Novice: 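Here it is, the structure in full.
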Amino acid sequence: MQTAIQTASEQAAPAIAAVLPGQGARPGLPQVVQRGVEPYEASFAAMRAYTDARTADTPDQLWIVEHPPVYTLGLGADRAHVLNPHDIPVVQTDRGGEVTFHGPGQVVIYLLMDLRRHRSGARLFAREFVHNIEQAVIDVLAAYNLAGERKQGAPGIYAADGPWQGAKVAALGLKIRGNGCTYHGVSLNVDMDLAPFSWINPCGYEGLATVDMKTLGAANARLADVQALLAEKLIARFAGMA
């Protein structure tokens with residue numbers, strides 16, 4: 001069984017990001033940062049740098065990004081699950097989970113959060129955190145008349161009905177440091193070239209089908225709209241945790 005959570009501490013280069021006006025204005029809720037199209041390695045270094053530099057006053061942030069094609073490996077990933085990367089780079093990360101693919105047409109939101117400020121007594125509620133992220137994805141799918149569901153022991157969201165039932169539409173991988181600060185996050189397939197998923201065992205599962213919202217029937221799903229809606233749903237879920 002793969003976990004989507006890993007804990008530890010690393011160093012990285014400084015991050016540069018622009019906060020969208022008016023986003024995260026309510027105290028205690030995360031700011032939304034639109035980073036646009038960005039190489040995975042740049043986002044990875046920036047996430048770690050932001051987390052390294054955090055203080056008790058550092059705002060939580062949601063980073064919205066779209067990556068050029070890349071495979072990423074979790075800390076415990078078996079590289080044998082990368083069957084044939086073709087010309088796509090493979091990057092080792094410090095998140096939990098196995099191998100996944102990021103590429104154009106996919107919403108990626110990284111969650112730079114301090115979980116301890118959401119609960120008294122400095123206790124971590126990682127399971128609740130994951131549940132809220134997954135529910136935000138389910139809520140986004142529902143807004144497009146698509147049904148998504150969880151699978152026990154397999155983090156992410158899967159098509160709940162129709163010919164693609166059981167296919168994975170969203171992946172989840174997190175890093176939670178010992179001080180309760182998180183990074184990495186969630187990816188939701190909107191309108192992608194799905195072929196690169198067939199060149200790996202997605203999330204370490206041989207033969208796991210992967211699908212996007214367009215293939216499931218959401219022909220009107222635009223990447224920018226889904227990015228904004230997922231950020232909105234995540235913030236709504238975190239408001240319930242505060």
Side-chain angles (χ1 to χ4, degrees), residues 1-17 19-20 23-33 35 40 42-65 72-77 92-98 100 108-139 150 153-157 170-188 230-242:
M1 180 186 303
Q2 295 296 326
T3 177
I5 300 174
Q6 205 74 36
T7 59
S9 176
E10 286 78 21
Q11 300 290 322
I16 300 175
V19 179
L20 298 181
Q23 296 294 327
R26 288 178 57 190
L29 294 183
Q31 300 170 337
V32 177
V33 178
R35 296 182 71 93
Y40 179 82
S43 298
F44 184 27
M47 285 189 288
R48 292 188 295 174
Y50 190 87
T51 306
D52 287 342
R54 289 194 72 128
T55 70
D57 299 321
T58 301
D60 292 336
Q61 293 189 337
L62 304 182
W63 290 6
I64 301 175
V65 66
T72 67
L73 301 171
L75 271 180
Q92 180 65 58
T93 80
D94 59 356
R95 61 166 173 80
E98 262 284 352
T100 195
V108 177
I109 297 187
Y110 294 126
L111 298 103
L112 293 95
M113 307 278 290
D114 181 351
L115 295 187
R116 292 185 175 182
R117 69 173 44 143
H118 290 280
R119 284 288 188 269
S120 61
R123 295 179 58 196
L124 297 182
F125 284 77
R127 187 166 298 181
E128 182 181 355
F129 185 56
V130 169
H131 181 89
N132 276 285
I133 296 169
E134 291 177 334
Q135 189 59 49
V137 173
I138 291 171
D139 293 344
R150 300 172 178 85
I157 297 300
L172 178 67
L174 296 169
K175 178 73 154 193
I176 301 180
R177 290 188 175 176
N179 62 359
C181 294
T182 77
Y183 53 105
H184 295 292
V186 61
S187 59
L188 173 58
L230 182 54
E232 175 187 318
K233 296 296 186 183
L234 285 166
I235 289 172
R237 300 300 304 182
F238 299 144
M241 292 178 64

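Here the structure is a predicted model, which is why all the values come from computation and not from measurement.
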Novice: Using a 6.0 Å distance limit plus a 45 degree cone around the ring axis, check whether Arg48 lies over the aromatic ring of Tyr50.
Specialist: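 No, a cation-pi geometry is absent between Arg48 and Tyr50.
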Novice: Any ion pair linking Asp114 and Arg177 (charged N to carboxylate O, less than 4.0 Å)?
Specialist: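 Between Asp114 and Arg177 there is no salt bridge, as every charged N stays at least 4.0 Å from the carboxylate O atoms.
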Novice: Which atom names give the shortest non-hydrogen contact between Gln31 and Pro59, and what distance separates them?
Specialist: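 Looking at all heavy atoms of both residues, the shortest contact is OE1-CG, 3.6 Å.
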Novice: Is there a ring pair (Phe, Tyr, Trp, His ring centres under 6.0 Å) between Phe238 and Phe129 once you walk through the steps?
Specialist: CA-CA 8 Å; Phe238 299 144; Phe129 185 56; 5.8 Å; yes
Novice: Measure from the side-chain N and O atoms of Lys175 to the backbone N and O of Asp94, and report whether any donor-acceptor pair falls under 3.5 Å.
Specialist: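 At least one qualifying donor-acceptor pair exists.
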Novice: Taking Gly74's backbone N and O only, do any of them form a donor-acceptor pair with Gln92's side chain (distance below 3.5 Å, no angle check)?
Specialist: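 Present.
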Novice: Is the backbone of Leu112 close enough, under 3.5 Å, to the side chain of Arg54 for a donor and an acceptor to pair up by distance?
Specialist: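 Judged by distance alone, yes, a pair lies under 3.5 Å.
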Novice: If you look at every heavy atom in His184 and Arg95, which pair is closest and at what distance?
Specialist: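 Heavy atoms of His184 and Arg95 come nearest at CD2-CB, 3.4 Å.
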Novice: Is a side-chain N or O of Thr93 found less than 3.5 angstrom from the main chain of Leu73, in a donor-acceptor match?
Specialist: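 Yes: the side chain of Thr93 pairs with the backbone of Leu73.
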Novice: List the steps, then state whether side chain to side chain contact (heavy atoms under 4.5 Å, CB included) holds for Tyr110 with Val65.
Specialist: CA-CA 8 Å; Tyr110 294 126; Val65 66; 3.5 Å; yes
Novice: If you measure from CD on Gln135 to CG on Leu234, what distance do you get to the nearest 0.5 Å?
Specialist: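 Going from CD on Gln135 over to CG on Leu234, the span is 11.0 Å.
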Novice: Checking Glu134 now: which residues fulfil salt bridge (Lys or Arg N to Asp or Glu O under 4.0 Å) with it, not counting sequence neighbours?
Specialist: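 Only Arg150 meet the salt bridge (Lys or Arg N to Asp or Glu O under 4.0 Å) criterion with Glu134.
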Novice: Can you see which heavy atom on Val137 is nearest to which on Ala170, and at what distance?
Specialist: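 Closest approach of Val137 to Ala170, heavy atoms only: CG1-CB, 3.7 Å.
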Novice: What's the separation between atom OG in Ser187 and atom CG in Leu172, rounded to the nearest 0.5 Å?
Specialist: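 Going from the OG atom of Ser187 to the CG atom of Leu172 covers 8.5 Å.
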Novice: Would you compute the distance between atom CD1 of Ile109 and atom CD1 of Ile64 and round it to the nearest 0.5 angstrom?
Specialist: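 With rounding to 0.5 Å, CD1 (Ile109) is 4.5 Å from CD1 (Ile64).
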Novice: Just wondering, do Asp139 and Arg237 contact through their side chains at under 4.5 Å, heavy atoms?
Specialist: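 They are in contact (side-chain heavy atoms under 4.5 Å apart), so the answer is yes.
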Novice: So do the side chains of Met113 and Cys181 get within less than 4.5 Å of each other, counting heavy atoms only?
Specialist: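 No. Closest side-chain heavy atoms not under 4.5 Å.
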Novice: Can you tell me how far the CZ atom of Arg35 sits from the OG atom of Ser43, to the nearest 0.5 Å?
Specialist: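 Taking CZ in Arg35 and OG in Ser43, the distance rounds to 5.5 Å.
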Novice: Could you pull out the closest heavy-atom pair between Ala231 and Leu62, with the gap in Å?
Specialist: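 The pair with the smallest heavy-atom distance is O-CD1, 4.0 Å.
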Novice: Taking the side chain as every heavy atom from C-beta outward, state whether Val32 and Ile235 have any atom pair closer than 4.5 Å.
Specialist: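 In short, these two side chains touch, coming nearer than 4.5 Å.
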Novice: Distance from Gln61 atom CD to Leu29 atom CG, nearest 0.5 Å?
Specialist: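 Here the rounded value is 13.5 Å.
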Novice: Rounded to the nearest 0.5 Å, what separates atom CG in Asn132 from atom CZ in Arg127?
Specialist: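 Between atom CG of Asn132 and atom CZ of Arg127 there are 13.5 Å.
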Novice: Flag the pair Val108 / Val186 as yes when at least one side-chain heavy-atom distance between them is below 4.5 Å, and no otherwise.
Specialist: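 No - every pair of side-chain heavy atoms lies 4.5 Å or more apart.
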Novice: When you look at Ile157 and Leu188, which way does the side chain to side chain contact (heavy atoms under 4.5 Å, CB included) test go after all the steps?
Specialist: CA-CA 9 Å; Ile157 297 300; Leu188 173 58; over 6 Å; no
Novice: How about Leu111 and Asp60: do any of their side-chain heavy atoms sit closer than 4.5 Å?
Specialist: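 Answer no - side chains too far apart.
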